[in-house]
J.: 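Below is the structure I would like to discuss, written out as structure tokens.
These numbers come from the heavy atoms of this one structure, side chains and all, not from hydrogens, waters or symmetry mates. The model shown is predicted, which means the values in this text are computed figures rather than measured ones. Each chain gets a letter, A, B and so on, in the order the sequences are listed, and its residues count up from 1.
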Amino acid sequence: MTKPVVTRFAPSPTGFLHIGGARTALFCWLYARHHGGQYLLRIEDTDRKRSTDEATAAIVEGLDWLGLQPDGDIVYQSHNLDRHTEVAKALLDSGNAYYCYCSKEELAEMRENARAEGRPIGYDGRWRDRDPAEAPVGVDPVVRFKAPKEGSTTIHDLVQGEVTVSNKELDDMIILRADGTPTYMLSVVVDDHDMGITHIIRGDDHLNNAFRQYHLFGAMGWDVPEFAHISLIHGADGAKLSKRHGALGVDAYRDMGYLPDALKNYLVKLGWGHGDDEIFSTEQAIEWFDFDGVVKSPARFDFTKLEHINGTYMRESADDYLTEALSPFILAEFGIDEAEIPKDKLLAAMPGLKERAKTLVELAKSALFLIAKRPLDLDEKAQKLLHSDAREMLARVLTALDLVSDWSAESLDAALRTFSEAEQLKFGKVAQPLRAALCGTTTSPGIFDVLQVLGREESLARIADQTMK
RNA sequence: GUUCCCUUCGUCUAGUGGCCUAGGACGCUGCCCUCUCACGGCGGAAACACGGGUUCGAGUCCCGUAGGGAGCACCA
């Protein structure tokens with residue numbers, strides 16, 4: 001019987017939840033769900049200068065939108081500072097750590113020399129075995145961890161495989177600053193242990209940290225969790241995604257009109273694969289997800305593919321769900337309040353509308369003709385289409401449609417076909433001007449659907465608006 | 001600079017020594033469907049970074065080279 005899986009997502013609250021973080025969270029969540037374990041959220045807010053409550057809120061909100069709610073309470077790293085300090089003291093007592101009185105200038109010089117001589121840049125351990133009695137007075141020391149000097153360290157990473165590094169590369173890292181506060185390296189290890197984390201899943205920018213953390217776990221006599229370092233997401237140009245280079249918060253994706261499930265589907269496919277499967281439900285992802293499907297190389301973010309997946313999800317979404325989801329977009333696009341939105345019409349038109357939109361923003365735009373008040377503004381193409389001949393023809397269409405008493409797609413179809421035959425026009429020559437008059441645009445759902453959703457009165461009035469006798 | 005990681009169509013990927021004449025998806029593109037736009041259907045162009053090994057046989061294993069990425073803080 002193995003231990004139940006416990007994973008954690010551990011962002012630092014210095015900004016929004018960006019897309020790479022969202023994917024890491026998704027992988028953590030998926031892995032925990034797959035194994036029936038727990039997925040926890042830890043806010044790494046020990047850098048109080050850069051951490052903000054707003055950022056924490058944005059992260060929680062972003063995860064919530066994606067449906068990645070953590071199990072159990074959120075852990076705030078800053079609340080555990082005393083515990084971290086306590087562990088540092090224990091390390092000091094057991095001889096696994098020591099005080100170092102180096103000044104910053106001394107350290108800078110050390111680095112410079114190392115660089116000049118082509119040696120690894122790091123602390124040289126000059127206080128490691130020095131007698132504390134030699135300590136300069138009036139200097140607050142930092143506490144450093146005694147890393148092994150000989151041999152090498154191997155990590156069996158679930159994604160990267162066996163990774164070995166020479167212990168010469170590991171310098172004695174600081175675990176307690178001169179002001180007595182613990183550093184990140186110490187805090188993560190203590191928190192991961194205290195939270196019972198079994199699998200550390202994070203971006204591979206932390207791969208090198210894993211070696212140092214490995215020894216910290218060992219020095220405390222703690223079990224070392226499994227590591228899984230997943231590759232980072234790059235922008236479309238192959239460069240790393242960063243805040244100033246294309247990295248957006250998940251809220252931006254929400255505002256661009258992507259569905260959370262579609263974004264998740266896209267994200268999990270970015271760097272993980274299950275054969276040729278492209279579109280699958282969250283349930284299937286949980287069932288299939290494992291590290292043997294995770295790709296080591298970094299992936300580029302591709303909006304076009306996201307759009308395609310989103311379009312697929314939209315077409316498969318329930319009409320009432322989309323109708324509700326649309327309100328904020330209609331407000332944002334057209335400044336129309338939720339209360340003024342004719343939801344019944346939206347719902348009725350939704351089957352035809354959702355077929356044609358890849359995002360909620362597009363969907364909102366395509367629904368404008370349902371909401372717009374007469375007389376309609378015509379877009380450029382529609383204006384061009386409604387030349388005088390067409391307007392004259394519309395007058396005759398109006399007469400023909402006025403005769404239709406049963407305003408059903410069937411009778412409308414029959415009436416318009418009869419009309420176009422009588423006029424010796426191809427059906428399209430009738431439908432397009434009609435569409436322009438009805439929608440103000442040259443694209444829309446099927447013309448009979450449009451007539452029906454608009455209703456007899458509104459349809460005839462809109463046509464009348466554009467006729468020329 | 002140094003350490004570690006990565007490298008299959010433009011992009012995401014399948015591929016775990018013979019099933020590969022390298023498969024799927026997005027995008028691009030030809031045709032069909034058609035009242036527009038989509039959707040859908042049937043086709044097409046398009047990749048194993050390079051060089052050496054190992055092997056009867058290499059996209060798959062090993063070594064180099066090149067390119068890309070990440071780390072190297074009293075940040076997390």
J.: Check side-chain hydrogen bond (donor to acceptor under 3.5 Å, both in side chains) between A/Ser78 and all other residues, then give those that pass, not counting sequence neighbours.
T.: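 Only A/Asp45 meet the side-chain hydrogen bond (donor to acceptor under 3.5 Å, both in side chains) criterion with A/Ser78.
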
J.: Salt bridge (charged side-chain N to carboxylate O under 4.0 Å, His left out): which pairs involve residues 420-433 of chain A, sequence neighbours left out?
T.: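 For residues 420-433 of chain A: A/Arg396-A/Glu423.
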
J.: Donor-acceptor pairs under 3.5 Å, side chain of residues 444-452 of chain A to any protein atom, not counting sequence neighbours: which ones?
T.:
from, atom 1, to, atom 2, distance (Å)
A/Ser444, OG, A/Arg435, NE, 2.7

J.: Using a cut-off of 4.0 Å between protein heavy atoms and nucleotide atoms, how would you tag nucleotides 4-10 of chain B 5' to 3' with B, S and -?
T.: SSSS---

J.: List the residues meeting side chain to side chain contact (heavy atoms under 4.5 Å, CB included) with A/Val295, not counting sequence neighbours, and say none if there are none.
T.: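 For A/Val295 the side chain to side chain contact (heavy atoms under 4.5 Å, CB included) partners, ignoring immediate neighbours, are A/Ser297.
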
J.: Less than 6.0 angstrom from the centroid, inside 45 degrees of the normal: does A/Arg315 satisfy that with respect to the ring of A/Tyr313?
T.: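 Cation-pi check for A/Arg315 and A/Tyr313: fails.
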
J.: Would you please name every residue forming a salt bridge (Lys or Arg N to Asp or Glu O under 4.0 Å) with A/Asp261, sequence neighbours left out?
T.: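 In terms of salt bridge (Lys or Arg N to Asp or Glu O under 4.0 Å), with neighbours along the sequence ignored, A/Asp261 is linked to A/Lys264.
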
J.: What does the B/S/- profile of nucleotides 34-50 of chain B look like, 5' to 3', with a 4.0 Å heavy-atom cutoff to protein?
T.: -BBBBSS----------

J.: So if I take residues 265-273 of chain A and measure heavy-atom distances to RNA chain B, which residues fall below 4.0 Å?
T.: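 Correct list: A/Lys269, A/Leu270, A/Gly271.
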
J.: Not counting sequence neighbours, which residues clear side-chain hydrogen bond (donor to acceptor under 3.5 Å, both in side chains) with A/Tyr123? List them please.
T.: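 For A/Tyr123, no residue satisfies side-chain hydrogen bond (donor to acceptor under 3.5 Å, both in side chains) once neighbours in sequence are set aside.
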
J.: What nucleotide, of B/C26, B/A76, B/U13, holds the atom closest to the side chain of A/Ala299?
T.: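 When the side chain of A/Ala299 is considered, B/U13 is the closest of B/C26, B/A76, B/U13.
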
J.: Not counting sequence neighbours, which residues clear side chain to side chain contact (heavy atoms under 4.5 Å, CB included) with A/Glu162? List them please.
T.: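 Result, side chain to side chain contact (heavy atoms under 4.5 Å, CB included) vs A/Glu162: A/Thr154, A/His156.
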
J.: What distance, rounded to whole Å, do you find between the two P atoms, one in B/U54 and one in B/G69?
T.: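 Here B/U54 and B/G69 have their P atoms 35 Å from each other.
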
J.: Report the residues that fulfil side-chain hydrogen bond (donor to acceptor under 3.5 Å, both in side chains) with A/Arg144, sequence neighbours left out, ordered by chain and then residue number.
T.: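 For A/Arg144, no residue satisfies side-chain hydrogen bond (donor to acceptor under 3.5 Å, both in side chains) once neighbours in sequence are set aside.
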
J.: List, with names and distances, any nitrogen or oxygen atoms from the protein found under 3.5 Å away from nitrogen or oxygen atoms belonging to nucleotides 16-19 of chain B.
T.:
none

J.: Which of these nucleotides, B/G71, B/C74, B/U13, is closest to any side-chain atom of A/Arg111?
T.: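 Closest nucleotide among those given: B/C74.
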
